[in-house]
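Pasting in a structure now, in structure tokens, and then I'll have a few things to ask.
Along the sequence shown, residues carry numbers from 1.
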Amino acid sequence: MKENSVTIPRWFDRHLHVRDGDMLRIVLPCTLKQRATGAIIMPNLADPISTIEKAKAYRDRITALLDGSDFVPCMTLYLTDHTDPEEVVRGFEEGVWRAVKLYMANQKGQGGTTGSAHGVKDLLGRYPVFEAMEKHKIPLLGHFEAVEEDVDEFDREIVSVDRDLKPILKSFPGLPVVFEHLTDGRAADFVAEVDHNIHATVTAHHLMINRNAMFWGGMNPGHYCKPVPKRETHRAKVRQYVTSGNRRFGAGTDSAPHDESVKSRCYGCAAGIFTALSAVELYTMVFDEDNAFEHLGPFLSENFLALYGMRVSSETMTIERQGWHLPESVSSQLIGTPTVKVFKGGADLPWKLAG
Ligand code: DOR
Ligand code: ZN
């Protein structure tokens, strides 16, 4: 018999973009309505969150919009070639940030994704920072994708595993690492098997679509994100680890809002998929399809939360088998403010988060 509801502890989004200004005002309430206890807030703003002062000010702007919610915005530091190890440690010890985000850029200053042009060009040059992080057990959240022009788009992740990640793990055996938005089955095998304190976040969209989705009905900007969705065998492999209950994998939506004007333009479409409005329901669909409800709670609400200084919530949330119509987009009433297209917007979803 199929269950009609599932009750799990309130969840935590281990990877979230909320942006700033009008966009922040539009998208933050979506995650609050999804009953998250908090989220890892990504630092890739136009002016990256690369200092203690910026992180504090950004946290204040988020907190000002919480409207009485107990949501915990867990800040991250944007690592650059100039980040000072002492500041990394100080910000962590003062409770300003809980982790450091690694984006990489190539020698031309081209980053692999939105807001990554200020990312690290000289990874070896960052080893003194990793050393300090290892000593203080500060988690490294890595966007592990090679950024060189001659690396095939669909191999960027596995090239980075071999070239960047493995040497880091070898040099810093005590460094806690989270492999962000994992998409490649070979990377999943590595994370599952390696003897290291390493975990991986997985998005709802990467569990649901393969690379064909970028070409449905012609080029489809709504399915373009970084890392790009991979071939079906990779999607299936990653999903197998997730829904079989492997504790090294946890939910991180990478919900990444972009205004329609930059998202749907035919040249230079921005990378990012917005799922914050229905993330819990999307993940629930995946576990339902795989008959794996016993693993939904750990994946959404438990796995490696301690790494971020979070506890498993003592409060619960219930997701019910109940159809509802997912809006096409979110926006505010104000003219000139962003409009964000929703992943699977316009579809009827079979699960609904109660209350
Ligand atoms: O698709 C993506 N969008 N991937 C990222 O890594 C960043 C994100 C964004 O900030 O838009
Ligand atoms: Zn991201």
Closest non-hydrogen atoms of V147 and N106, given as atom of the first, atom of the second and distance, are O-ND2, 3.2 Å
Tell me, which pairs form a ring-ring contact (aromatic ring centres under 6.0 Å, His included) where one or both residues lie in residues 37-58, sequence neighbours left out?
-> none
CA sep, side-chain torsions, deciding dist, call: H199, V191, side chain to side chain contact (heavy atoms under 4.5 Å, CB included) | CA-CA 7 Å; H199 296 84; V191 166; 5.8 Å; no
Any chance you could measure T318, atom OG1, to W351, atom CH2, to the nearest 0.5 Å?
-> 11.0 Å
Same cluster or not: are M104 and V177 linked, directly or through other Ile, Leu, Val, Met, Phe, Trp or Tyr residues, by side-chain heavy atoms under 4.5 angstrom apart?
-> yes
What is the ring orientation for H143 with H181, classed by angle as parallel under 30°, tilted 30 to 60°, or perpendicular over 60°?
-> perpendicular
Do other residues, nucleotides or ligands put more than 12 heavy atoms under 6.0 Å from the CG atom of D67?
-> no
So how far is it from K137 NZ to L307 CG, rounded to the nearest 0.5 Å?
-> 11.0 Å
Would you kindly confirm whether V120 and V178 end up in one hydrophobic cluster when ILVMFWY residues are joined by side chain heavy atoms under 4.5 Å apart?
-> no
Look at the side-chain heavy atoms of Ile, Leu, Val, Met, Phe, Trp and Tyr, link any pair under 4.5 Å apart, and say whether F172 and V88 land in one connected group.
-> yes
Cationic tip of R247 above F304 ring, under 6.0 Å, 45° of axis = no
Which value, rounded to the nearest 0.5 Å, describes the distance between F293 atom CZ and D288 atom CG?
-> 4.0 Å
What residues form a salt bridge (charged side-chain N to carboxylate O under 4.0 Å, His left out) with E232, not counting sequence neighbours?
-> R235
Quick note, ring-ring contact (aromatic ring centres under 6.0 Å, His included) partners involving residues 247-284, not counting sequence neighbours, are Y241-F249, Y283-F299
Under the side chain to side chain contact (heavy atoms under 4.5 Å, CB included) criterion, do Q240 and N246 qualify, and how do the steps go?
-> CA-CA 9 Å; Q240 167 71 23; N246 189 304; over 6 Å; no
Residues forming a salt bridge (charged side-chain N to carboxylate O under 4.0 Å, His left out) with E53, sequence neighbours excluded = none
Tell me, yes or no, whether the heavy-atom count around E86 atom CD, taken from other residues, nucleotides or ligands under 6.0 Å, exceeds 12.
-> no
Tell me which donor-acceptor pairs under 3.5 Å the side chains of residues 335-343 have, and how far apart each pair is, sequence neighbours excluded?
| residue | atom | partner | partner atom | Å |
| --- | --- | --- | --- | --- |
| T337 | OG1 | S332 | OG | 2.7 |
| T337 | OG1 | L334 | O | 2.6 |
| K341 | NZ | E260 | OE2 | 3.4 |

Is K33 atom NZ crowded by more than 12 heavy atoms from other residues, nucleotides or ligands, each under 6.0 Å away?
-> no
Compare every heavy atom of K344 with every heavy atom of L282, then report the nearest pair and how far apart it is.
-> CD2-CD, 4.0 Å
Closest approach of L349 and S278, non-hydrogen atoms and distance?
-> CD1-CB, 3.8 Å
Centres of the Y224 and W216 rings: under 6.0 Å?
-> no
Go through the side-chain N and O atoms of S261 and D259 and say whether any donor and acceptor fall under 3.5 Å apart.
-> yes
Shortest non-hydrogen contact between A105 and S116, atoms and distance | CB-O, 3.8 Å
Between NZ on residue K166 and OG on residue S171, distance to nearest 0.5 Å = 14.0 Å
Side-chain donor-acceptor pairs under 3.5 Å in residues 36-44, sequence neighbours left out?
| residue | atom | partner | partner atom | Å |
| --- | --- | --- | --- | --- |
| T37 | OG1 | W11 | O | 3.2 |
| N44 | OD1 | H17 | ND1 | 2.9 |
| N44 | ND2 | T114 | O | 3.0 |

Do Q34 and E281 have side-chain N/O donor and acceptor atoms under 3.5 Å apart?
-> yes
Under the side chain to side chain contact (heavy atoms under 4.5 Å, CB included) rule, what do V159 and D164 come out as? Steps first, then yes or no, please.
-> CA-CA 8 Å; V159 168; D164 307 323; over 6 Å; no
